[in-house]
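Accompanying notes for the structure given below.
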Amino acid sequence: MTQSLDRLKESPSQTAGPYVHIGLTPNFCGIGGVYASDLGSTMVNEQSKGERIDLRIRVLDGTGKPLKDALVEIWQADANGLYNSPAELRGAADPNFLGWGRQPTDTETGICLFRTIKPGRVPFSDGRLMAPHITLWIVARGINIGLHTRLYFSDEEEANAEDPILARIEHRVRVPTLIAERQGDTYVFDVHLQGEKETVFFDS
C-alpha cells in the first residue's frame with residue numbers, strides 16, 4: 001500500500017554556520033595538523049609579478065554591524081590579465097601567483113585581509129576590456145547560497161568608466177558600492193549585505 005507523503009514538511013535549508021570555518025579554515029579555528037596553513041591564505045611569493053597590494057574587506061549586516069563569522073573567497077587575474085586556470089586560452093598566467101584566496105573575517109571586527117597583486121584588465125565576452133577587478137564570494141551564518149560580487153579600484157576611473165559590467169548595472173547610484181578606496185598600499189572595501197548601502201550582488 002502506497003503511503004501518502006503530503007503531511008511531510010520541507011526540512012529547513014542548511015546555512016553556512018561554524019562548520020564552514022572548521023572545514024575550510026581549520027588553523028584559524030585552532031585545529032592543527034590538517035594543513036600546514038589554511039588553503040588560500042597565501043596568494044603571492046617573492047617571484048610573483050605585479051604591484052603588491054593589501055585588500056581589506058569588511059562584511060557588514062543590514063544594521064551596519066560587522067559580520068564576525070563570514071568567510072570570503074576571491075578570484076582574480078594576474079598582473080597581465082591572465083587567469084591561473086586550465087580554461088585560460090590566451091596565454092600562460094604567472095606561475096608564482098595563485099589567483100585565488102580564502103580568508104575568514106575577524107571574530108571582533110568582521111575584517112579579513114588579503115595580500116595579493118593588482119590584476120590586469122580582462123576582455124569581456126565581446127572583446128571589450130573590463131576594468132581591473134576582483135571577484136568575491138561570501139558565505140556566513142544565515143546565508144543559504146554564497147553571495148557573489150565584484151570589487152573595482154578607485155584609482156582606475158578611466159577603466160571603470162569603460163567597463164561593460166559597470167555600465168549594465170540598472171541603478172547607477174549603486175556602482176560606488178563596488179569600488180574599493182585606496183589608502184596607501186591598501187584598498188579598503190565594505191560589503192553591505194542589506195540596507196540602503198547594499199552592495200551590488202550578481203547571479204552566481
Margin query: Do Ile179 and Asn160 make a side-chain contact, defined as non-hydrogen atoms from C-beta onward lying under 4.5 Å apart?
Written below: yes
Check: Who pairs with Glu51 by salt bridge (Lys or Arg N to Asp or Glu O under 4.0 Å), at least two apart in sequence or on another chain?
Finding: Arg182
Notebook entry, point to check: Sequence neighbours excluded, which residues qualify as side chain to side chain donor-acceptor pair (under 3.5 Å) partners of Asp185?
Noted result: none
Check: So if you build clusters from Ile, Leu, Val, Met, Phe, Trp, Tyr with side-chain heavy-atom gaps below 4.5 Å, do Leu129 and Ile165 land together?
Finding: no
Notebook entry, point to check: Would you say the side chain of Phe189 lies within less than 4.5 Å of the side chain of Arg56, judging by non-hydrogen atoms?
Noted result: no
Margin query: So Trp100 and Ile74, do their side chains get closer than 4.5 Å, heavy atoms only?
Written below: no
Item checked: Straight-line distance of Thr149 OG1 to Leu193 CG, nearest 0.5 Å -> 10.5 Å
Item checked: Closest non-hydrogen atom pair between Pro132 and Ala159, with its separation -> CD-CB, 3.9 Å
Notebook entry, point to check: When hydrophobic residues are tied together by side-chain contacts of less than 4.5 Å, even through go-betweens, does Val72 share a cluster with Ile111?
Noted result: no
Margin query: List the residues meeting side chain to side chain donor-acceptor pair (under 3.5 Å) with Ser125, not counting sequence neighbours, and say none if there are none.
Written below: none
Notebook entry, point to check: Does the side-chain contact (heavy atoms from CB on, under 4.5 Å) test come out yes or no for Phe202 and Leu147, once each step is laid out?
Noted result: CA-CA 8 Å; Phe202 302 93; Leu147 299 173; over 6 Å; no
Item checked: Pairwise distance CD1(Ile138) to CG(Leu71) - rounded to 0.5 angstrom -> 10.0 Å
Next item on the list: Any pair with a residue in residues 93-110 that passes salt bridge (charged side-chain N to carboxylate O under 4.0 Å, His left out), sequence neighbours left out, goes on the list, sorted by first then second residue, please.
Entry: Glu73-Arg102
Checklist line | Summary of side chain to side chain donor-acceptor pair (under 3.5 Å) pairs that have at least one residue in residues 77-89, sequence neighbours excluded | finding: Glu88-Arg90
Note to self: A side-chain contact here means heavy atoms from C-beta on lying under 4.5 Å apart; do Phe201 and Leu136 qualify?
What the structure shows: no
Check: Are side-chain heavy atoms of Ile134 and Leu55 found at a separation under 4.5 Å?
Finding: yes
Note to self: Show the nearest heavy-atom pair for residues Ala70 and Ala140, with the distance to one decimal.
What the structure shows: CA-CB, 3.8 Å
Next item on the list: Go through the steps for Phe153 and Ile53 under the test side-chain contact (heavy atoms from CB on, under 4.5 Å), then give the verdict.
Entry: CA-CA 11 Å; Phe153 300 92; Ile53 60 171; 3.9 Å; yes
Notebook entry, point to check: How about Tyr35 and Asn27: do any of their side-chain heavy atoms sit closer than 4.5 Å?
Noted result: yes
Check: Do Ile31 and Leu24 belong to the same hydrophobic cluster, where Ile, Leu, Val, Met, Phe, Trp and Tyr are linked whenever their side-chain heavy atoms lie under 4.5 Å apart, directly or via other members?
Finding: yes
Check: With sequence neighbours excluded, what pairs up with Asp163 under the side chain to side chain donor-acceptor pair (under 3.5 Å) test?
Finding: Tyr152
Item checked: For the student: nearest non-hydrogen atoms of Lys197 and Thr177, plus distance -> O-CG2, 3.8 Å
Next item on the list: Sequence neighbours left out, what passes side chain to side chain donor-acceptor pair (under 3.5 Å) with Arg52? Give chain and number order.
Entry: none
Margin query: Check for me, please, whether Leu166 and Val200 land in the same ILVMFWY cluster - side-chain distances under 4.5 Å, paths through other members count.
Written below: yes
Notebook entry, point to check: Partners of Pro164 by side chain to side chain contact (heavy atoms under 4.5 Å, CB included), sequence neighbours excluded?
Noted result: Phe124, Arg128, Met130
Item checked: ILVMFWY network linking Trp75 to Leu39, side-chain heavy atoms under 4.5 angstrom -> yes
Notebook entry, point to check: So with a 6.0 Å cut-off around CD of Glu196, is the heavy-atom count from everything else above 12?
Noted result: no
Notebook entry, point to check: What pairs meet the side chain to side chain donor-acceptor pair (under 3.5 Å) rule with one or both residues in residues 111-123, with sequence neighbours excluded?
Noted result: Asp54-Arg115, Gln76-Thr116, Lys118-Asp155, Lys118-Glu156, Lys118-Tyr187, Arg121-Glu162
Checklist line | Pairing residues for Glu157 by the side chain to side chain contact (heavy atoms under 4.5 Å, CB included) criterion, not counting sequence neighbours | finding: none
Note to self: Which residues pass the side chain to side chain contact (heavy atoms under 4.5 Å, CB included) test with Leu60, not counting sequence neighbours?
What the structure shows: Arg58, Pro66, Asp190, His192
Check: Between Ser41 and Asp38, which heavy-atom pair has the shortest distance, and what is it?
Finding: OG-O, 2.7 Å
Margin query: Just so I know, are the side chains of Val44 and Asn96 near enough to count as touching, which here means a heavy-atom distance under 4.5 Å?
Written below: no
Check: Say you draw a straight line from OG1 of Thr199 to CD of Gln194; how long is it, rounded to the nearest 0.5 Å?
Finding: 11.5 Å
Next item on the list: Spell out, as yes or no, whether a donor-acceptor pair under 3.5 Å connects the side chain of Thr135 to the backbone of Arg150.
Entry: no
Check: What's the shortest heavy-atom distance between Gly127 and Pro123, and which atoms?
Finding: O-CB, 4.1 Å
Next item on the list: Identify, with sequence neighbours excluded, every residue that meets side chain to side chain contact (heavy atoms under 4.5 Å, CB included) alongside Thr63.
Entry: Asp61, Lys65
Check: Measuring from Cys112:SG to Phe28:CZ, what's the distance to the nearest 0.5 Å?
Finding: 9.5 Å
Next item on the list: Compare every heavy atom of Val59 with every heavy atom of Thr105, then report the nearest pair and how far apart it is.
Entry: CG2-CG2, 4.0 Å
Check: Tell me, do Ile169 and Leu178 make a side-chain contact under 4.5 Å, heavy atoms counted?
Finding: yes
Notebook entry, point to check: Hey, mind stepping through Lys49 and Ile117 against side-chain contact (heavy atoms from CB on, under 4.5 Å) and telling me if it holds?
Noted result: CA-CA 8 Å; Lys49 299 174 183 176; Ile117 57 101; over 6 Å; no
